[in-house]
Amino acid sequence: MKNIAIAFASPVNLKSIQKPNQYQIFGENYDCIQTNESALIYLQRQVQRKYHQSLDFIFLIVSGTVENGLIPANDTFAPCSHADFLKARLKSHFSRGACAGFPLPVIRCEPYDENASPEECNIAIAKIADKVEEAVRPTFAGGKDEAVRLHADMTGGYRNASMMLLSMMELLKYKGMEIGDVMYSDPAKADPAVRVAPVTEIMRMFTLINGVDEFVKNGSVETIQEYFRTEPGEKSPELEALLVGMQQFSDAICLCRTDNIKD
C-alpha cells in the first residue's frame with residue numbers, strides 16, 4: 001500500500017519566519033512557518049501511528065506566486081521560492097526526530113492558475129489527477145498495481161482551492177484510490193494541541209450523498225453500504241434494520257422479484 005498526500009501550497013507569510021506559530025503534534029512541540037507544514041507533518045505521523053507506514057509522495061499544487069515568488073535570505077535559507085522553502089522545511093523535519101528512518105517523501109509540484117475560470121479549473125483538476133495517478137501507479141511484478149491511500153491537507157491555496165481539492169480527491173477515488181485522512185490547520189485556535197484537526201468526515205459525506213442518489217435512481221445500495229462499513233462506532237438496531245431492508249429491496253430489483261419489492 002502506497003500512502004500519498006496532496007495539498008495546495010500557500011505563500012509564506014514573512015512575519016511567520018520571525019515569529020513561527022506554535023503547534024503540538026502528537027505531544028511534540030513544533031514551530032510552523034508555512035501554512036501547510038503542520039498538517040503535512042501531522043499526516044506523516046498519523047500514517048506512521050495508524051498504518052505503521054510512511055508517506056511515499058507529497059504532491060504540492062502550486063500557483064505561479066508560490067512557484068516563482070522569492071523569499072529574501074534569512075538565518076536558515078538562502079533566497080528561494082515559496083515552494084522551495086516549504087520543501088526545505090519538510091525535508092529538514094522528515095530527516096530527524098519521529099520521522100527518522102522513514103523514506104523521505106518525494107515532492108512534486110504541479111502548477112495551477114489562481115485566476116482561472118471554472119471551466120479551466122475543471123480541466124486543471126483532471127490533468128493534475130492524471131499526473132498523480134501516473135506518478136504513483138507503476139506496474140509491479142506480476143502486472144499488478146499497488147493500492148494507493150490518498151491523504152489531503154485542506155489548509156492552503158486560494159479561496160476555491162478547497163473545492164478543487166475535494167473534486168480532485170473524488171476523481172482519484174473513482175480511479176481506485178482509497179481516501180485516508182484529511183486534515184485542516186488553524187493557528188488561530190487557542191490550544192496548540194488542537195490546531196491541526198481531522199476533517200475526513202467532509203469527504204465521507206460525499207460518499208453518503210452519492211449513495212443516497214444511487215439508491216434513489218437505481219435501487220443500488222452498494223455505496224451506502226460502503227459508507228457504513230467504514231463508519232466508526234456501533235450501528236443502532238434501527239439503522240441495522242434499515243440497511244438490511246434496503247439491501248433486500250436492491251436484491252429484489254436485481255433478481256426481478258416484483259412481489260418482494262412491494263413488501
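Everything numeric here is computed off the predicted structure, so don't read it as measured data. Numbering of residues begins at 1 and proceeds along the displayed sequence.
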Ser81 side-chain N/O to Asp84 backbone N/O, donor-acceptor pair under 3.5 Å: yes
Can you check whether Lys2's main-chain N or O pairs, donor with acceptor, with Gln53's side chain at less than 3.5 Å? no
Out of Asn3, Leu172, Val136, which one pairs with Leu150 under the side-chain contact (heavy atoms from CB on, under 4.5 Å) rule? Leu172
Pairwise side-chain contact, Met169 with Val182, heavy-atom cut-off 4.5 Å (strictly under): yes
Would you say the side chains of Gln22 and Arg195 form a donor-acceptor pair under 3.5 Å? no
Same apolar cluster: Val194 and Tyr42, side chain cutoff 4.5 Å: no
Hey, any chance Met1 and Ile4 share a hydrophobic cluster, counting ILVMFWY side chains that come within less than 4.5 Å of each other, even indirectly? no
Thr207 and Asn210 side chains, donor-acceptor separation under 3.5 Å: no
Under a 4.0 Å threshold between the charged nitrogen and the carboxylate oxygen, would Lys50 count as salt-bridged to Asp181? yes
Going by an N to O cut-off under 4.0 Å, is there a salt bridge joining Lys131 and Glu134? no
Short side-chain to backbone donor-acceptor contact, His151 and Gly180, under 3.5 Å: no
Between the main-chain N or O of Ile25 and the side-chain N or O of Glu28, is there a donor-acceptor pair closer than 3.5 Å? no
Cut-off 3.5 Å, side chains only: do Ser220 and Asn218 have a donor facing an acceptor? no
Could you check if a side-chain atom of Met154 sits within less than 4.5 angstrom of a side-chain atom of Phe8, using non-hydrogen atoms only? no
Taking all atoms of both residues into account, what is the closest heavy-atom pair of Pro20 and Asp31, and its distance? CB-CB, 3.7 Å
Considering all heavy atoms, the nearest Met183-Pro198 contact: CE-N, 3.4 Å
How many angstroms lie between CZ in Phe228 and OG1 in Thr223, if you round to the nearest 0.5 Å? 12.0 Å
Less than 3.5 Å apart, any donor N or O on the side chain of Gln44 or Ser54 sitting next to an acceptor on the other? yes
Checking Gln18 side chain against Lys15 main chain: does a donor-acceptor pair fall under 3.5 Å? no
Within the 4.5 Å heavy-atom criterion, are Gln34 and Ser10 side-chain neighbours or not? yes
Under a plain distance cut-off of 3.5 Å, with no hydrogens placed, do Tyr23 and Ser185 share a side-chain donor-acceptor pair? yes
Shortest non-hydrogen separation from Leu43 to Ala5 and the atoms involved: CD1-CB, 4.3 Å
pair Ile128-Met168: side-chain heavy atoms closer than 4.5 Å: yes
Tell me whether Met205 shares a hydrophobic cluster with Val216, the cluster being built from Ile, Leu, Val, Met, Phe, Trp, Tyr side chains joined at under 4.5 Å. yes
Are Lys189 and Asp186 close enough, and set up right, to give a salt bridge (Lys or Arg N to Asp or Glu O under 4.0 Å), and what steps lead you there? CA-CA 6 Å; Lys189 290 186 177 180; Asp186 184 1; 5.2 Å; no
To the nearest 0.5 Å, atom CE of Met246 lies from atom CZ of Phe249 at 9.0 Å
If hydrophobic clusters are built from ILVMFWY residues whose side chains come within less than 4.5 Å, do Phe85 and Leu70 share one? no
Does Glu178 form a salt bridge (Lys or Arg N to Asp or Glu O under 4.0 Å) with Lys173? I'd like the steps, not just the answer. CA-CA 6 Å; Glu178 173 187 330; Lys173 177 183 174 183; over 6 Å; no
Within a radius of less than 6.0 Å around NZ of Lys127, do more than 12 heavy atoms belonging to other residues, nucleotides or ligands occur? no
Donor-acceptor contact present, side-chain Glu226 to main-chain Glu222, <3.5 Å: no
Any side-chain heavy-atom pair of Leu86 and Val12 under 4.5 Å: no
Find out whether Ser250 and Ile253 are in side-chain contact, i.e. whether some heavy atom of one side chain is under 4.5 Å from a heavy atom of the other. no
Count the heavy atoms belonging to other residues, nucleotides or ligands that lie under 6.0 Å from CD of Glu234, then report whether that count exceeds 12. no
Is there a continuous path of hydrophobic side-chain contacts, each under 4.5 Å between heavy atoms, that joins Met163 to Ile123? no
State, without any angle test, whether Gln247 and Asp251 hold a side-chain donor-acceptor pair at a distance under 3.5 Å. yes
Out of curiosity, Leu40 CG to Thr155 OG1, how far, rounded to the nearest 0.5 Å? 8.0 Å
Any heavy-atom pair between the side chains of Ser16 and Asn21 that's under 4.5 Å? yes
Less than 4.5 Å apart, side chain to side chain, heavy atoms only: is that true for Arg149 and Ile179? no
Could you grab the distance from atom CD of Glu133 to atom CG of Leu171, nearest 0.5 Å is fine? 8.5 Å
